Student: 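Could you have a look at this structure, given as structure tokens, before my questions?
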Amino acid sequence: MPTPPVDRARLLRRLSELAQIGRSDSGGVTRPGFSPADREARHYMIREAENSGVPTAVDAAGNLWLGPRPHPGTTTLVLGSHLDTVIDAGPLDGVYGVVAALEAVENLAPLDLAHPVTAVAFANEEGALHPQPFWGSLAASGQLPAPAAVPTAYDGTLLRDALTWAGGDLDAVQQARLDPDQLLAYLELHIEQGPVLEQESIPIGIVEAIVGRVQLDVDVMGAAGHAGTTPMPGRADALAAAAEIVLAVEGLPADGWCQVATVGRLEASPNSPNTIVGLVRLTVDVRDTDEAQLHGVADEAVRRIETIAQRRTVKVSCTRAAASRPVLTNTGLRRSIAAAADRRAMPTLTLTSGAGHDAQMMAAVTPTAMIFVPSIGGVSHVPHEDTDPGDLVLGAQLLQDTALAIASHPGSLR
Ligand code: GLV
Ligand code: MN
Ligand code: MN
């Protein structure tokens, strides 16, 4: 079967137009899930898809489908990623996978395939505003925590309202759950976000394992007071305690507890130059590819935080805000990707993902794999995240070739 070429100009145009949506003064993209900018990006994709005759739909969890939703009587190959970003992000994380997925759906549409191929933009993968990362893929894979456990956004927006604006419905969110019997596989194309492919000069990564992660929300409660008149002995400075907590968390990997650990978000109140900080809210993100290790490190982080709190006479509350399990990708799919790459003489490297992905959630319900392309300088979650356009096109072509190979064979992977 002939392999249609990826439309390079269309792929790159869409990526550069999407990079303008949520653009901040720093040159970065701020498009957190369910924000107005996220809605604009979703509408952009709907227009692009519909202009090409691709049907679109939004499910109850706010996932945007570009192509047919999986349905009874057939098993669908799903290609996807996310359109939402972190604060001050680069232009490619997530978006690239969605744009390439739509490109594949458009190019494969005229072919008579044994299995339908569709694209999805999962809602709120990053959790940058609404602190439930992987929201959409958790819903699609039937792993969403009960709505009561879903907190409001960092800006106070209710998830119920945010979801309604996106075209979803919190009360019906279970309807977003996919039936595994209607799925053939899930494939996600993404930038690597790390240095390995660039260092090795290899254009394609085939992901073998995806790191697991636990996120804690920590409140440090001290006593606010006058910065000039409150004697140093007896202070309960929440920010000074938080500073120790940040360093204790940073020390976890060196002490063998996990691979990486980060305090990425910190809010001090009242945040006034001449007032002792009374309250700090911070997040702890710990990651490892070994699940047993991951449980241990979360407990150790809490132990360290409580010890610091006791010594500094502040109170703390630690809540497990999100957790994802490390996963291995599907061996058969990895072989299909490698074979498709071979047919085009694309060099590949097998690697591990230190970033979390919707693929991790989808692995619970269907065979799943990921393709990576190099990140210039190995950086991501920063405005200067970038990938060579030639590599972007190569990755999109490989996604499409792999999709074609898998979807052409009746009963493949079953
Ligand atoms: C997702 O971007 C992550 O934080 O790994
Ligand atoms: Mn990301
Ligand atoms: Mn991503």
Side-chain angles (χ1 to χ4, degrees), residues 15 18-19 22 28-33 35 37-38 41 63-64 79-101 119-138 154 186-196 205 207 209-217 258-265 283-289 294 321-327 329 351-363 368-375 378-387 392 395 399:
L15 288 173
L18 279 158
V29 182
T30 296
R31 201 168 56 222
S35 65
D38 182 43
N63 295 319
L64 170 60
L79 314 176
S81 198
H82 59 98
L83 291 172
D84 66 305
T85 72
V86 295
I87 310 300
D88 225 8
L92 297 172
D93 175 1
V95 188
Y96 170 50
V98 176
V99 169
V120 65
F122 285 118
N124 197 37
E125 189 266 359
E126 301 282 11
L129 179 60
H130 286 269
Q132 176 56 76
F134 310 114
W135 165 267
S137 49
L138 281 169
Y154 293 121
Y186 174 74
L187 273 183
E188 182 165 351
L189 173 66
H190 207 281
I191 54 166
E192 182 201 334
Q193 309 182 270
V196 179
V207 177
I210 307 174
V211 82
R213 149 185 175 195
V214 174
Q215 187 184 313
L216 303 174
D217 282 349
C258 58
Q259 285 158 347
V260 287
T262 309
V263 172
R265 187 172 199 285
T283 55
V284 174
D285 176 311
V286 289
R287 303 187 186 208
D288 207 287
T289 39
L294 209 51
S324 57
R325 304 171 66 175
V327 299
T329 56
L351 40 64
T352 294
S353 173
H357 297 286
D358 292 308
Q360 223 166 329
M361 309 306 133
M362 291 300 284
T368 291
M370 291 193 76
I371 300 169
F372 275 178
V373 294
S375 290
V379 299
S380 183
H381 283 189
V382 290
H384 53 287
E385 160 192 285
D386 204 2
T387 294
L392 291 173
L399 177 75

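For ligands, and for the atoms within them, numbers begin at 1 and follow the listed sequence. What you see is a predicted model, and the numbers here were worked out from it, not measured in a lab.
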Student: Any idea which residues sit under 4.0 Å from ligand 1, heavy-atom distances?
Tutor: E125, E126, R213, R287, A355, G356, H381

Student: Has D285 got a side-chain atom pairing as donor or acceptor with T262's backbone, closer than 3.5 angstrom?
Tutor: no

Student: If the condition is side-chain contact (heavy atoms from CB on, under 4.5 Å), which residues does S137 pass it with, not counting sequence neighbours?
Tutor: F122, F134, D358, M361

Student: Say whether, by atom type as modelled, one donor and one acceptor occur between the side chain of Q360 and the main chain of H357 under 3.5 angstrom.
Tutor: yes

Student: For the residue pair I191 and S380, what are the closest heavy atoms and their distance?
Tutor: CD1-OG, 4.1 Å

Student: A side-chain contact here means heavy atoms from C-beta on lying under 4.5 Å apart; do E126 and D93 qualify?
Tutor: yes

Student: Going by the rule side-chain contact (heavy atoms from CB on, under 4.5 Å), which residues pair with A121 if we only count those two or more places apart in sequence or in a different chain?
Tutor: L64, L83, V98

Student: Are the side chain of D84 and the backbone N or O of D38 linked by a donor-acceptor pair below 3.5 Å?
Tutor: no

Student: Less than 3.5 Å apart, any donor N or O on the side chain of S375 or Q193 sitting next to an acceptor on the other?
Tutor: no

Student: Protein N/O/S atoms under 2.8 Å of the Mn ion (ligand 3)?
Tutor: H82 NE2, D93 OD1, H190 NE2

Student: Just by modelled atom types, is the A359 backbone N or O under 3.5 Å from a matching donor or acceptor in the E188 side chain?
Tutor: yes

